[in-house]
Amino acid sequence: MTSSDAALEQLIRDARQWADEDPDPATSATLHDLLTLASEGDAVAAQELGDSFSGTLQFGTAGLRAALGPGPNRMNRVVVRRAAAGLAAFLVEAVGAASPGTRPRAVVGFDARHNSDIFARETAAIFAAAGIEAFLMPAALPTPILAYAVRALDCDGGVMVTASHNPPQDNGYKVYLGRHAVPESGRGAQIVAPYDAEIAAKIDAVGPLSSIVLAGDGWTVLPESIAADYEAAVAGLVDREHFPARDLKIVLTPMHGVGGDTAVSVLKAAGFDDVTLVAEQARPDPDFPTVAFPNPEEPGALDLALAAAEELGADIVLANDPDADRAAVAALDPATEAWRMLRGDEVGALLGAHTVARLAAKAGEAGKTGETAKAGDDGVEGVFANSIVSSRLLSRIAATAGYAHQETLTGFKWISRVPGLLYGYEEALGYCVAPDLVRDKDGISAAVLIAEMAAAAKAEGKTVFDTLDELYLVHGLHASDQLSIRVADLGLLDAMMNRLRVHPPEAFGGSAVEVFMDLAEGSEALPPTDGLLYLTRDQSRVIIRPSGTEPKLKCYLEVIQAVESAAELPAARQAARTSLDNVLRDVREALGL
């Protein structure tokens, strides 16, 4: 017998044992079918089996996320039960250490993806059996409502079963910590190190599947008022006194996700009555039939919404991803007379400037906003923040207004933890406009303030693009672009990063590299992360990093073009585009593409 034959036999034994213990008839049947085919020499089935059992799905700062299917390297009821049991053990121990005698509290939410409701119910049952006061969301609801509930219900932990904007075959398990588990600024936020490793260790320590107890009852299904409370709180964010305009025709798409009803309710409660849902994408559908990828950033994802907007003569398109924690914006660009989606950095800057304007208006002292900075929960004065791969424009907006600004690592698990946070965003369409309500990105509250901002601009005879141009005249035209390289073999990501470390580029776009940072080494401002940052003499910036959630290498480019007057803007845009193209060419060359 060859080693490959022996490996196949061991694989088949492991798979049969899994199939016999699997509590899910569907995945058990799938596994038995694969076993039959593999035993008959089907190479495709053997490969699928090998991948499903090639290792254990690792729990990290993104929780769990993978394709649905049988085996330890997939999302299924066995993997979820073990994760829930490990998380329960962590919460019991953490709360017991922080507040002896206190019963832990946790809330579980879910979206409309395949098996999300099942994974959520079993998690609640395992929490209840472990002695945790467990709450289960009443229906498939947006991720921001779960994040809101962690704080509103004073919970120690929260779980959202979702794969956000991943393809339909995926699902995931996102974990939040609160109350006794983390410091105040992190309560209600997604987990970061060292909590991820501590939870992972508890999961690894879980015994046989048969040892995991699921209570038959003992958890509380929350009333629908939890969603109503969130909606009222978010609708209450608008400033009707200083920004009363509501004349705005909106086309909205929830991208086959769970955010449609909530977003429409919030917008209408905030005074925006003219909202039209994209009919083909209005209801939750886990197969996402009208899009290749249910991500507003993907080409073609907004085609139906843009067509509806053009037909209706809308002012703006708002889009959420399927779990509604991200928001996209599209409008008619006067420069091209065509509809286009704004980049995340453009929306991030607009919301940052609108936040400053709201603070100034409420203080009644426009131009003295530095004096209006409120203290955060820990006494730190108000701070604006964005991820390191996002535009530098927000830092200039904040500085001009007299506010502090902080850069963080990529991901809202970092942005949401900034002490004294007033507003934070990341270029991947994530915005936190109300950290006191939701300590995470929230596509619905962001959509409400985008509508408020767009209506205010329209009342002055302007578009959101005019507002952007006004920011560029003050701070310089900041233009950004991205290059994403999807790989089949994760080892290729390491190879490309190693190539850059061994052969560091000397220039991008004809401008010499003056600052180079290997982000893996960490700094006083940032914890270590796998990434490389280059800053050139003309202030062009390139950041290259592996994606934390997908098999991609991501390259973030930004150039800054000085502009003195509105008349210079068209030429400045062309110059910025040329600069980006030149930088992009050099990035490809440095990666050997």
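If you read the sequence from its start, that first residue is 1, and numbering goes on from there.
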Audit row: D440, S416, side-chain hydrogen bond (donor to acceptor under 3.5 Å, both in side chains) steps and yes/no: CA-CA 6 Å; D440 197 7; S416 62; 5.6 Å; no
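- Distance alone, capped at 3.5 Å, places no donor-acceptor pair between the R537 side chain and the V513 backbone.
- With respect to the salt-bridge test (charged N to carboxylate O, under 4.0 angstrom), the residues R501 and D518 qualify.
- With respect to V258, the side chain to side chain contact (heavy atoms under 4.5 Å, CB included) criterion is satisfied by exactly one of L141, T162, T143, D111: D111.
- Using a 4.0 Å cut-off between a side-chain N of Lys or Arg and a carboxylate O of Asp or Glu, D469 and R573 qualify as a salt bridge.
- R577 and D481 are joined by a salt bridge, as a carboxylate oxygen and a charged side-chain nitrogen come within less than 4.0 angstrom of each other.
- If you take CG on D466 and OG1 on T463, they are separated by 3.5 Å, rounding to the nearest 0.5 Å.
- The backbone N or O of T56 sits less than 3.5 Å from a side-chain atom of Q58, completing a donor-acceptor pair.
- Between E558 and R392, at least one side-chain N (NZ, or NE/NH1/NH2) sits under 4.0 Å from a carboxylate O, which counts as a salt bridge.
- Here D333 does not pair with R343 in a salt bridge; the nearest charged N to carboxylate O distance is not below 4.0 Å.
- In terms of heavy-atom proximity, D586 sits nearest to G510 at OD2-N, 4.0 Å.
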Working for side-chain contact (heavy atoms from CB on, under 4.5 Å), residues N320 and L252: CA-CA 8 Å; N320 292 127; L252 172 71; 4.3 Å; yes
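- Look at R82 and D204 and you find no salt bridge, because none of the NZ, NE, NH1 or NH2 atoms lies under 4.0 Å from a carboxylate O.
- Remark: the backbone N or O of A428 is paired with a side-chain donor or acceptor of R326 at under 3.5 angstrom.
- Few gaps surround CD on E298; more than 12 heavy atoms of other groups in view lie less than 6.0 Å from it.
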Test side-chain hydrogen bond (donor to acceptor under 3.5 Å, both in side chains) applied to D287 and H256, step by step: CA-CA 8 Å; D287 294 317; H256 297 295; over 6 Å; no
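- Closest of all the heavy-atom pairs between R77 and I118 is CD-CG2, 3.8 Å.
- In this structure, the side chain of N73 does not engage the main chain of S54 through any donor-acceptor pair within 3.5 Å.
- For E514, the CD atom is densely surrounded, since the number of other residues' heavy atoms within 6.0 Å is greater than 12.
- Within the 4.5 Å cutoff, side-chain heavy atoms of F412 are placed close to those of C432.
- Taking 4.5 Å as the limit, some side-chain heavy atom of L584 sits within range of a side-chain heavy atom of L483.
- Under a 3.5 Å cut-off, the side chain of S52 and the backbone N or O of E48 do form a donor-acceptor pair.
- The two atoms that bring W414 and L409 nearest to each other are CD1-CB, 3.6 Å, heavy atoms only.
- Put simply, the side chain of D321 never gets that close to the backbone of P294: no donor and acceptor are under 3.5 Å apart.
- A heavy-atom distance below 4.5 Å is not found between the side chains of R499 and L591.
- Using modelled atom types, no side-chain atom of R396 and backbone atom of G476 make a donor-acceptor pair closer than 3.5 Å.
- Ion pairing between D325 and K174 holds under the 4.0 Å rule for side-chain N and carboxylate O.
- Residues G443 and P144 share a closest heavy-atom pair of N-CG, 4.3 Å.
- With hydrogens and angles disregarded, no donor-acceptor distance shorter than 3.5 Å links the side chain of N386 to the backbone of G424.
- The two residues A576 and L477 make their nearest non-hydrogen contact at CB-CD2, 4.0 Å.
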Working for side-chain contact (heavy atoms from CB on, under 4.5 Å), residues L519 and I388: CA-CA 10 Å; L519 301 176; I388 192 172; 4.2 Å; yes
Full working for side-chain contact (heavy atoms from CB on, under 4.5 Å) between L350 and T467: CA-CA 7 Å; L350 285 168; T467 306; 3.6 Å; yes
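- To the nearest 0.5 Å, the span separating CD1 on I543 from SG on C555 amounts to 10.5 Å.
- Nearest heavy-atom pair across V464 and A331 is CG2-CB, 4.1 Å.
- Side-chain atoms of N171 and S116 form a donor-acceptor pair, as typed in the model, at a separation below 3.5 Å.
- A 4.5 Å side-chain heavy-atom check between T410 and K554 finds every atom pair outside the cut-off.
- For the pair M517 and L532, the minimum side-chain heavy-atom distance is 4.5 Å or more.
- Annotation: the span from I199 atom CD1 to L87 atom CG amounts to 5.0 Å, rounded to 0.5 Å.
- Taking the six-membered ring wherever Trp is involved, the centroid distance between the rings of F508 and Y534 falls below 6.0 Å.
- Side-chain contact between S387 and Y556: absent, with no pair of heavy atoms (C-beta onward) separated by less than 4.5 Å.
- Rounding to the nearest 0.5 angstrom, the gap separating the CD1 atom in I444 from the OH atom in Y431 is 15.0 Å.
- For the pair S445 and L449, the minimum side-chain heavy-atom distance is 4.5 Å or more.
- Listed for the T123 side chain is no donor-acceptor partner under 3.5 Å among the backbone atoms of A84.
- With no hydrogens or angles considered, a side-chain donor-acceptor pair links T290 and Q281 at under 3.5 Å.
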Verdict with supporting geometry, F59 and V175, side-chain contact (heavy atoms from CB on, under 4.5 Å): CA-CA 10 Å; F59 185 93; V175 176; 3.8 Å; yes
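- Proximity of E427 to Q482: side-chain heavy atoms (C-beta onward) are separated by under 4.5 Å at one or more points.
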Verdict with reasoning, T27 to N76, per side-chain hydrogen bond (donor to acceptor under 3.5 Å, both in side chains): CA-CA 8 Å; T27 49; N76 51 64; over 6 Å; no
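- Atom CZ in F384 sits 5.5 Å away from atom CG in L422 (nearest 0.5 Å).
- A distance of 12.5 Å separates OG in S390 from NE2 in H478, rounded to the nearest 0.5 Å.
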Salt bridge (Lys or Arg N to Asp or Glu O under 4.0 Å) evaluation trace for R74 with D51: CA-CA 9 Å; R74 296 284 189 268; D51 189 47; 2.7 Å; yes
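- The backbone N or O of S540 lies less than 3.5 Å from a partner atom in the side chain of T536, making a donor-acceptor pair.
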